[in-house]
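Any value given below was found using the heavy atoms of this structure, including those in side chains, with hydrogens, waters and symmetry copies removed. Every number for a ligand or one of its atoms is a count from 1 in the order of the listing.
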Amino acid sequence: MSNIAVVGGQWGDEGKGKIVDLLADKFDIVARWQGGPNAGHTVRFEGKVFALHHIPSGILREGVIAVIGSGAVLDPVALLQEIEKLEQEGIKVRGRLRVSHRAHVIFPLHRELDRWAEENPSIVSLGTTRLGIGPAYMTKMARVGVRLVDLGEVETVRAKLQAFLDAGFGELLRRSGHSLPDAQALAEEYHEHGRVLAPFTGDTPLWLTERMKEGARVLFEGAQGAMLDVDHGTYPFVTSSSTVAGGLAPGLGIGPRWLDGVIGVFKAYSTRVGAGPFPTEQRTEAGEILRERGREYGTTTGRPRRCGWFDGVAARHAATINGLDAIAVTLFDVLDAFEEIPVCVAYRYRGMDLPDLPAEPWVIDEVEPTYEVLPGWRHPTSGARRIGDLPAAARRYLDRISSLTGCEVAIVSVGGDREQAILCSDRLWSANMVVPARAGRAAPAGTPVRRADT
Ligand code: IMP
Ligand code: MG
């Protein structure tokens with residue numbers, strides 16, 4: 001297997017950045033297909049901490065090319081700052097980042113609309129990142145969005161912004177107490193951002209497909225998590241994009257058959273930031289311990305995350321909607337402190353057992369988790385590098401998570417640093433899922449053949 005997706009199995013913040021960073025040196029390209037600056041990936045190595053928002057974590061591995069697909073939404077100002085910051089920290093981004101010119105642009109007015117919707121009592125408040133993600137996707141779907149490629153012509157941007165304002169979004173802005181932006185001035189400003197970003201942008205579907213035909217290996221990096229997926233998550237308490245693995249084909253503009261395997265990343269417990277159902281949430285001392293030990297504060301917003309036990313019902317849903325092949329379990333050492341560790345294995349609703357995740361958020365709100373209480377190990381695991389280094393109770397805990405998701409555990413992360421991980425010698429590693437032959441491969445049937453020009 002050559003091309004693997006790494007996706008969040010819970011509500012985001014599972015530590016995908018760390019897992020991607022760990023695997024990235026086995027790949028040539030790391031590609032992201034959805035979301036925007038709402039994502040926050042923290043990666044630590046050599047005593048440095050890198051916080052990434054738009055740019056895939058793979059950029060931190062030398063030689064890897066990072067791609068952002070058409071399905072993402074980008075804030076040009078924030079993206080340029082992120083590029084600058086990484087370059088200042090010694091990470092070369094120029095020449096290693098390729099952004100689809102079809103990706104949509106987030107304007108300040110999208111952030112204003114996001115804030116207004118959050119503060120409007122008659123609209124459900126999600127606790128969004130307030131970075132304009134939802135409104136940017138609304139504009140895109142309403143077909144009045146501005147794409148990166150459109151920034152090339154001031155007049156195109158101005159006309160599109162005017163169309164956007166006339167399509168009802170201007171009225172919304174007015175109602176939210178904002179003065180309407182001067183479309184001409186905004187167009188000129190963003191045309192300039194587009195000029196600076198131009199060296200990074202292009203036809204990524206074509207480029208990516210050509211590289212894959214030549215045998216390049218691609219790691220597809222998800223942002224957020226399964227439960228925040230717009231179609232399959234805890235709607236309406238979701239983000240506005242397809243966070244599941246299947247979203248990568250339309251998001252990147254490649255055929256679905258290029259994907260060979262999917263790894264779901266799960267915390268050893270659960271967290272959620274923002275509003276919405278969270279059955280295993282612990283507003284107790286245990287929840288506090290999880291938050292403090294796991295340093296559960298948002299990378300993007302700094303908000304304290306809601307914390308709770310591992311939710312096997314939600315995890316099984318995540319395994320289904322992603323077609324997971326294997327899982328990575330992160331922040332495992334956080335559990336070292338507990339005498340006993342409850343794991344949710346089913347939901348109970350008005351006296352009935354619910355085997356699957358309900359689609360109604362009000363039902364999920366009301367369910368009682370059925371817990372199986374597993375013995376803790378009360379022993380530091382952050383130094384473990386092999387499964388055999390873990391106490392028996394810790395291995396038993398991992399086995400339970402594996403049986404609940406129906407997936408083998410491929411990686412266990414036991415600390416923030418790159419080295420603090422256990423790479424399990426199971427199918428993932430032994431059957432060349434991640435370490436494949438480098439030879440070129442045939443394109444899936446129907447892929448037009450075109451010679452690479454770069
Ligand atoms: P939005 O993506 O800013 O529109 O926020 C929608 C919901 O998704 C809110 O509950 C956010 O807290 C949540 N969310 C968005 N991005 C992330 C993330 O990267 N990690 C965790 N939660 C996120
Ligand atoms: Mg995050």
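- F278 does not carry R306 over the face of its six-membered ring by the limits of under 6.0 Å from the centre and within 45° of the normal.
- Close contacts of ligand 1 with G127, meaning ligand atoms under 4.0 Å from a residue heavy atom, involve 9 (C), 10 (O), 11 (C), 12 (O).
- The atoms of ligand 1 that sit less than 4.0 Å from any heavy atom of A39 are 19 (O).
- Among T239, L228, V230, the residue whose heavy atom lies nearest to atom 13 (C) of ligand 1 is L228.
- The option from Q224, Q10, H41 that lies nearest to atom 17 (C) of ligand 1, judged by heavy atoms, is Q224.
- Shown in contact with T128 at under 4.0 Å from a heavy atom are these atoms of ligand 1, numbered in order with element: 1 (P), 3 (O), 4 (O), 5 (O), 9 (C).
- Using a 4.0 Å cut-off between a side-chain N of Lys or Arg and a carboxylate O of Asp or Glu, D21 and R44 do not qualify as a salt bridge.
- Listed by atom number, the atoms of ligand 1 under 4.0 Å from V273 heavy atoms are 10 (O), 11 (C), 12 (O), 21 (C), 22 (N).
- Atom numbering of ligand 1 starts at 1 in the shown order; those under 4.0 Å from a heavy atom of W11 are 21 (C), 22 (N).
- In this structure, K85 places its NZ atom where only 12 or fewer heavy-atom neighbours from other residues, nucleotides or ligands lie under 6.0 Å away.
- S413 and T330 share no donor-acceptor pair across their side chains, judged by distance under 3.5 Å alone.
- Comment: E14 engages K16 in a salt bridge, judged by a side-chain N to carboxylate O separation of less than 4.0 angstrom.
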